[in-house]
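Just so we're clear, the structure is a prediction, and the values are computed from it rather than from any experiment.
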Amino acid sequence: MNTEPERSMSELIPPCVKSVYERLDSRYSLEFEPLTVRGRHFNFLHPGDIEPLIKGRDIFADVSDFPFWVKIWEAAVVLADFMARMPTDPGRRILELGAGVGVAGIVAAAFGHCVTVTDFDDEILDFARVSAAVNGCEGVFQKRLDWLEPDGSLGKFEIIIGSEILFNSRFFAPLLKVFEIFLAPNGVIYLSHDKRRKSLAGFLGFCSGCYDIAIKEVTLHSGEDESFQILLTRLTPK
């Protein structure tokens with residue numbers, strides 16, 4: 001993960017999202033994390049000091065109460081890089097599920113894709129709204145999407161993406177329904193997860209009757225001499 005020197009927050013906030021940023025700033029200690037993908041520099045807004053929220057929890061267990069959206073996950077960076085390398089198509093729509101702060105979707109939009117990023121809470125999407133504006137991404141839209149009550153009016157998408165979204169087995173069936181509702185004919189799904197994600201294998205077994213599955217393991221090297229093994233999974237309807 002390559003980074004560039006951080007600028008002050010006040011220099012990063014465009015007037016169009018100033019009020020959104022101020023609303024978030026009243027509730028969270030905010031930080032921008034710099035990220036470079038394929039030579040392009042980004043800054044992503046996220047809550048700072050998340051240790052109290054994740055301390056003592058097994059983030060790779062089958063959990064429902066872990067606030068996954070508060071962190072920029074390595075799997076999201078790998079998915080963002082994958083989308084940056086994908087050839088663009090002006091007639092193709094991309095849906096990001098469980099976007100959190102919107103790393104993969106915003107990067108995809110910056111490289112020319114038409115992207116709708118979704119999450120279950122409007123306040124979570126506010127982080128993506130600010131980051132999209134900060135990074136000058138006009139081709140990205142933010143929509144609330146509850147997997148338990150999906151709004152089919154969003155239409156069909158040729159590509160569905162998601163990173164670290166398989167965190168609890170009770171969402172397996174609703175997620176398959178979401179795929180059914182939103183995936184266009186001949187569409188494809190790309191998911192990205194840390195290899196340690198314990199529920200990934202369970203989900204792939206759960207959906208193997210409906211989808212052909214291909215998996216590629218990617219090693220992500222961080223700037224702290226760490227490496228992460230990320231599984232990039234492609235699902236295509238049978």
At their closest point, which heavy atom of His193 faces which heavy atom of Ser163, and how far apart are they? NE2-C, 4.5 Å
Quick check: do Lys18 and Cys16 have side-chain heavy atoms less than 4.5 Å from each other? no
For residues His46 and Trp69, determine if any side-chain heavy atom of one lies less than 4.5 Å from a side-chain heavy atom of the other. no
Val77 side chain reached by Leu35 side chain, heavy atoms, under 4.5 Å: yes
If you look at every heavy atom in Glu164 and Ala75, which pair is closest and at what distance? OE2-CB, 3.6 Å
Are the side chains of Leu45 and Val101 in contact, using a 4.5 Å heavy-atom criterion? no
Counting N and O atoms only, with roles assigned by atom type, does the side chain of Ser192 sit under 3.5 Å from a partner on the main chain of Val78, one being a donor and the other an acceptor? no
Counting only heavy atoms not in Glu217, do more than 12 sit closer than 6.0 Å to its CD atom? yes
Determine whether Val107 and Met83 satisfy the following criterion, side-chain contact (heavy atoms from CB on, under 4.5 Å), listing intermediate values before the conclusion. CA-CA 7 Å; Val107 169; Met83 298 306 298; 5.7 Å; no
Within 6.0 angstrom of Glu149 CD, more than 12 heavy atoms from elsewhere: no
Are Arg93 and Phe157 in a cation-pi setup, meaning NZ or CZ lies under 6.0 angstrom from the ring centre and within 45 degrees of the ring axis? yes
Would you call the rings of Phe172 and Phe203 parallel, tilted or perpendicular if under 30° counts as parallel and over 60° as perpendicular? perpendicular
Quick one, Phe127 and Leu30 - any side-chain contact, counting heavy atoms below 4.5 Å? yes
Rounded to the nearest 0.5 Å, what's the gap from CD1 on Ile230 to OG1 on Thr219? Could you check? 9.0 Å
Using 0.5 Å steps for rounding, measure from the CG atom of Leu204 to the OG atom of Ser199. 9.5 Å
Do the non-hydrogen side-chain atoms of Leu191 and Ile161 ever get within less than 4.5 Å of each other? no
Polar side chain donor-acceptor pair, Glu96 to Thr118, under 3.5 angstrom: no
Distance in Å, Ile181 CD1 paired with Leu95 CG, rounded so as to fall on 0.5 Å steps: 11.0 Å
Main chain of Phe120, side chain of Arg144: is a donor-acceptor contact present, judged purely on distance under 3.5 Å? yes
Between CD1 on residue Ile94 and CG on residue Asp89, distance to nearest 0.5 Å: 9.0 Å
Would you say His41 and Thr36 are linked by a side-chain donor-acceptor pair, where the criterion is simply a distance under 3.5 Å? yes
Please give me the minimum heavy-atom distance between Leu148 and Pro174, naming the atom from each residue. CD2-CG, 3.7 Å
Looking at CG of Leu125 and CZ of Phe141, how far apart are the two atoms once the value is rounded to the nearest 0.5 Å? 14.0 Å
Answer whether the closest heavy-atom distance between the side chains of Val178 and Leu97 falls below 4.5 Å. yes
Using atom types as modelled and distance alone, determine if a side-chain donor or acceptor of Asn43 lies under 3.5 Å from a backbone N or O of Val134. no
Distance, nearest 0.5 Å, that separates CD1 of Ile72 from CD of Glu31: 10.0 Å
Over 12 non-hydrogen atoms of neighbours within 6.0 angstrom of NZ in Lys156: yes
Taking the side chain as everything from C-beta on, heavy atoms only, tell me whether Ile165 gets closer than 4.5 Å to Phe171. no
Compute the ring centroids of Phe44 and Phe32, then answer whether they are less than 6.0 Å apart. no
For Arg234, does the CZ atom have more than 12 heavy-atom neighbours from other residues, nucleotides or ligands under 6.0 Å away? no
What one should report as the nearest heavy-atom pair of Val140 and Ala109 is CB-CB, 3.7 Å
So the side chain to side chain donor-acceptor pair (under 3.5 Å) pairs with at least one residue in residues 119-134 (sequence neighbours excluded) are Arg23-Asp126, Arg27-Glu123, Tyr28-Glu123, Asp126-Arg129
Provide the closest heavy-atom pair for Gly187 versus Pro237 in the form atom of the first, atom of the second, distance. O-CD, 3.4 Å
Measure across Phe111 and Val37 and return the closest heavy-atom pair with its distance rounded to 0.1 Å. CZ-O, 3.4 Å
